[in-house]
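The block underneath contains the structure these notes are about, expressed in structure tokens.
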There are 2 protein chains.
Amino acid sequence: MATNQPAAAEPPTAAQALELLRAQSLATLVQSELERRIIAGEIAAGAKLNEVDVASALGVSRGPVREAFRALSQAGLVSVEKNRGVFVRQVSLAEASEYYEVRAALEGLIGRLAAERITAEEVEQLRAIVRRMHRVQKSRRAEEYFALNVEFHELLGRAARNNALLANYRSVVNQLDLYRRATISRSVGNIPLSTQEHEAIVDAVAVRNKAKAESLLVQHVLVSRERLRASLATATPASSS
Amino acid sequence: MATNQPAAAEPPTAAQALELLRAQSLATLVQSELERRIIAGEIAAGAKLNEVDVASALGVSRGPVREAFRALSQAGLVSVEKNRGVFVRQVSLAEASEYYEVRAALEGLIGRLAAERITAEEVEQLRAIVRRMHRVQKSRRAEEYFALNVEFHELLGRAARNNALLANYRSVVNQLDLYRRATISRSVGNIPLSTQEHEAIVDAVAVRNKAKAESLLVQHVLVSRERLRASLATATPASSS
DNA sequence: AGTCTGCAGATTGTCAACAATCTGCAATCA
DNA sequence: TGATTGCAGATTGTTGACAATCTGCAGACT
């Protein structure tokens, strides 16, 4: 009986798992995994996270799980209510609107700084993403387009050469995703518009037009907010009637 | 025999302490207390936080302390190194410079929104703070002025009517304080200048000039950064020579 | 002398047990 | 019938103990 543990089913990861444990604590691993599942929508917004369930599902004890909960709470992904439990945070439309305002300001700064500091190689990578967007928008695969969109802004964020800004930006975007995941699927209708905006942004950054890059990105975010708002108001006014 | 616990030395807080425990967990309390001490500079930047020391100092076990550490780590106030311990975060000049850039963007948004949404009563409160600043600047008490400055920006932040923005702003300011506390005392020489800037900001917000409020606040932050940089370069180039 | 090996103490990582609180249901009483 | 009280199970809060890792120093070896 060499293995009396539940035993992860995959042999290849077995050896690497120990290597991971050498660098990261279980709490960190649990945090990453939960974060991934929440952002990906595998755990629904508003769902209750039971300590023992999470612990046994991940094969650890409650200690690391509780530590992960505290970090996720500080990150704004879950809310803890004493003696009641932790819940995946629900972001209301009003709150999402607030996050959009913040994101617009951060994205504007990203545009300004990226216009100053981006490299030629990064510009080319951005253009490559936009090209892929063009291809995807014909197939109308919303999920793929969404992933490209994340990649685009992530790359732009790194080009700003400001880690504090990037970390802050990611945090806000995560919380916004919390809202988007809770709502219905993103409307595919305005993908072409969005692609055009991305194209204009790359152009502005490429010629190092700081003011234009900033204003384009601010508008890009604020327009996104309006699109979401509109698709919510018309498509499904709550649930049914 | 009624009280066999270590017993806090203060009778008035004794009854209220239990009431606090009814609403907040020990981990939350520990987190708040550590946060306060770190921001206030009672615990030096770079200092190591020993789990058992903190636990016994606050009269709790290691569990809640570890949970508090996770939250503080996510907030960027401490850094945890596996199997080595947690340390009050050191913010370098380069990192502080990054935070200033972010803060400028957030503060700009605060100005823009506050100009839209501030109430007459809040404007009067701002003016009252500026009046106090005028009085304090004559006595040259840097600590008092610093407190007023925090109060000013905090009030302005609330006037923006955006909780997400306010929380984000506080987080960035906390991390900046981490840097300021690590460096020598703030130079008192430019207090008059700073007070003038505050006055102009209130005026812009009061007449609801969004663009001006935004640009004034952005400049206010960026100038602060330059002042800090300058006082560092001339006053004490490291430690001595 | 200098480097390496191997302990001993201290500190962190993880776990399992205990105490306190909450939630839902059933039995009781007006 | 309706409200209330009291329990039982489940869940969270907290603690203390055990295992693993790190750090510094003393002693041995080249």
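Excluded from the calculations below are hydrogen atoms, water molecules and symmetry mates; all remaining heavy atoms, backbone and side chain alike, are included. In what follows, chains carry the letters A, B, and so on, assigned in the order in which the sequence lines appear, proteins first and then strands, with residues in each chain numbered from 1.
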Just call it for B:Gly63: base, sugar-phosphate, or nothing, with non-hydrogen atoms closer than 4.0 Å on any strand.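 The residue B:Gly63 makes base contact.
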[X], nearest nucleotide to its side chain (from [options]):
X	options	value
B:Ser61	C:dC15, C:dG13, D:dT14	D:dT14
A:Lys82	D:dT21, C:dT14, D:dT14	D:dT14
A:Lys48	C:dT12, D:dT12, D:dT15	D:dT12
B:Pro64	D:dT12, D:dT15, D:dT21	D:dT15
B:Val60	C:dA17, C:dT21, D:dT15	D:dT15

Would you say the side-chain atoms of [X] and [Y] include a donor-acceptor pair closer than 3.5 Å?
X	Y	value
B:Ser224	B:Arg229	no
A:Tyr145	A:Ser194	yes
A:Ser92	A:Glu95	yes
A:Gln31	A:Thr28	no

Rounded to the nearest 0.5 Å, what separation is found between the CG atom of B:Leu77 and the CD atom of A:Gln74? 8.0 Å
Between A:Arg66 and D:dG13, does any side-chain N or O lie under 4.0 Å from OP1 or OP2?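 Checking A:Arg66 against D:dG13: at least one side-chain N or O falls below 4.0 Å of OP1 or OP2.
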Whether the side chain of B:Arg84 and the base of C:dG13 hold a donor-acceptor pair under 3.5 Å is what I'd like checked.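 No, the side chain and the base share no sub-3.5 Å donor-acceptor pair.
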Length of the [atom1]-[atom2] vector between [X] and [N], whole Å:
X	N	atom1	atom2	answer
B:Leu26	D:dT12	CG	P	17 Å
B:Glu81	D:dA20	CD	P	23 Å
B:Asn83	D:dC22	CG	P	5 Å
B:Leu29	D:dT14	CG	C1'	13 Å
B:Arg62	C:dT11	CZ	P	11 Å

Measure the acute angle between the ring planes of B:His153 and B:His220, then classify it against the limits of 30° and 60° as parallel, tilted or perpendicular.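 Parallel.
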Shortest non-hydrogen contact from A:Arg103 toward A:Leu176: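 So the two residues come closest at CD-CD1, 3.8 Å.
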Positions of residues 69-77 of chain B (non-hydrogen atom under 4.0 Å from DNA chain D), listed by number: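 The answer is none.
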Among A:Ile43, A:Leu34, A:Leu72, which residue meets the side chain to side chain contact (heavy atoms under 4.5 Å, CB included) test with A:Val88?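 Looking at A:Ile43, A:Leu34, A:Leu72, the match for A:Val88 under the side chain to side chain contact (heavy atoms under 4.5 Å, CB included) is A:Ile43.
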May I ask you to list the residues of residues 49-58 of chain B, by number, that have any heavy atom positioned under 4.0 Å from an atom of DNA chain C? B:Leu49, B:Asn50, B:Glu51
Check A:Glu42 with A:Arg36, please: is the shortest side-chain N to carboxylate O separation under 4.0 Å? yes
